[in-house]
> 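One structure is given below, represented as structure tokens, and several questions about it will come after.
Computed from a predicted structure; not experimentally measured.
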Amino acid sequence: MQTQRLDATFAALADPTRRAILARLASGEATVTELAEPFAMSQPAISKHLKVLEHAGLITRGRDAQRRPCRIEAQPLAEANVWLEHYRRIWEQNYRRLDALLDELQTERSPTSRKKR
């Protein structure tokens with residue numbers, strides 16, 4: 001996994017407009033006009049967001065006669081998910097150790113454990 005591609009993916013995902021565009025594209029391809037509809041911004045502004053998403057590899061733009069539909073690309077998101085999954089496993093292990101420690105401390109302080117001493 002290339003660090004630059006991962007950096008570009010997370011940079012693109014940092015903006016709520018771009019995340020909303022990706023959410024829309026997850027349900028199917030759309031044109032720039034269709035993607036611009038729910039936003040209070042110009043088509044050139046949406047186009048700038050699309051260029052960031054395209055640079056990160058998160059979308060591709062095709063050509064269908066006069067239409068230029070945008071499509072979501074799964075690979076960069078899958079790579080980001082692999083990276084995040086690694087850290088999720090680390091945190092889960094930390095939480096399991098913390099849970100075990102808390103269970104041990106509760107057992108030591110319970111009334112039945114005091115009677116055994």
> Give the C-alpha distance, both sets of side-chain angles, the deciding distance and a yes or no for side-chain contact (heavy atoms from CB on, under 4.5 Å) between L84 and F10.
CA-CA 11 Å; L84 290 167; F10 283 119; 4.1 Å; yes

> Does the side chain of Q75 come within less than 4.5 Å of R5's, by heavy atoms?
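Of all side-chain heavy-atom pairs linking Q75 with R5, at least one is under 4.5 Å.
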
> Looking at every non-hydrogen atom in both residues, tell me the closest pair between A12 and A56 and how far apart they are.
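Closest approach of A12 to A56: CB-CB, 4.0 Å.
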
> If you draw a 6.0 Å radius around CD in E85, do more than 12 non-hydrogen atoms from other residues or ligands fall strictly inside?
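More than 12 within 6.0 Å, yes.
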
> Residues in ring pair (Phe, Tyr, Trp, His ring centres under 6.0 Å) with Y87, at least two apart?
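If we apply the ring pair (Phe, Tyr, Trp, His ring centres under 6.0 Å) test to Y87, skipping adjacent residues, the hits are W83.
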
> Measuring only between side-chain heavy atoms, which start at C-beta, is L58 closer than 4.5 Å to R18?
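They are not in contact (no side-chain heavy atoms under 4.5 Å apart), so the answer is no.
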
> Below 4.5 Å, heavy atoms only, C-beta onward: do T60 and C70 meet side chain to side chain?
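Sidechains of C70 and T60: no contact.
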
> When rounded to the nearest 0.5 angstrom, what distance separates NE2 in H86 from CH2 in W91?
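Nearest 0.5 Å value for the NE2-CH2 distance: 12.0 Å.
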
> Between L77 and L13, does the side-chain contact (heavy atoms from CB on, under 4.5 Å) criterion hold? Intermediate values first, please.
CA-CA 10 Å; L77 291 172; L13 294 174; 4.0 Å; yes

> What is the minimum heavy-atom distance between G57 and E73, and which atoms define it?
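Looking at all heavy atoms of both residues, the shortest contact is O-CB, 3.2 Å.
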
> Scan side-chain atoms only and decide if E79 and T9 contain a donor-acceptor pair under the 3.5 Å cut-off.
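The criterion, which ignores hydrogens and geometry beyond distance, is not satisfied for T9 and E79.
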
> Could you tell me if the side chain of I59 sits less than 4.5 Å from the side chain of L25, heavy atoms only?
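L25 reaches I59 side chain to side chain.
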
> Taking all heavy atoms of R71 and all of P69, pick out the closest pair and write down the distance.
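Nearest heavy atoms, R71 then P69: NH2-CG, 4.0 Å.
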
> If you round to the nearest 0.5 Å, how far is CG of L35 from NE2 of H49?
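Going from NE2 on H49 over to CG on L35, the span is 11.5 Å.
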
> Return the set of residues passing side chain to side chain donor-acceptor pair (under 3.5 Å) with N94 (not counting sequence neighbours), or none when no residue passes.
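Side chain to side chain donor-acceptor pair (under 3.5 Å) check on N94 returns R97.
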
> Give the intermediate values and the outcome of side-chain contact (heavy atoms from CB on, under 4.5 Å) for residues T31 and E34.
CA-CA 5 Å; T31 64; E34 293 166 337; 3.3 Å; yes

> Checking E37 now: which residues fulfil salt bridge (charged side-chain N to carboxylate O under 4.0 Å, His left out) with it, not counting sequence neighbours?
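Result, salt bridge (charged side-chain N to carboxylate O under 4.0 Å, His left out) vs E37: none returned.
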
> Among K48, R61, R68, which residue satisfies the salt bridge (Lys or Arg N to Asp or Glu O under 4.0 Å) criterion with E54?
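Of the listed options, the one satisfying the test is R61.
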
> For the pair E29 and R67, find out whether any cationic side-chain nitrogen is under 4.0 Å from an anionic carboxylate oxygen.
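Salt bridge present between E29 and R67.
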
> Measure the spacing between CD of E104 and CD of E108 and express it to the nearest 0.5 Å.
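The distance works out to 5.0 Å.
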
> Please answer: with hydrophobic residues joined when any side-chain heavy atoms are less than 4.5 Å apart, are L22 and V32 in the same cluster?
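Yes, L22 and V32 fall within the same hydrophobic cluster.
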
> Any donor-acceptor pair under 3.5 Å linking the side chain of Q106 with the backbone of D103?
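Answer holds: no.
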
> When you group the ILVMFWY residues by side-chain heavy-atom contacts below 4.5 Å and let the links chain together, are V52 and I46 in the same group?
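In one cluster with I46: V52, no.
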
> Which distance, rounded to the nearest 0.5 Å, do you find between the CZ of R19 and the OG1 of T17?
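Answer rounded to 0.5 Å: 8.5 Å.
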
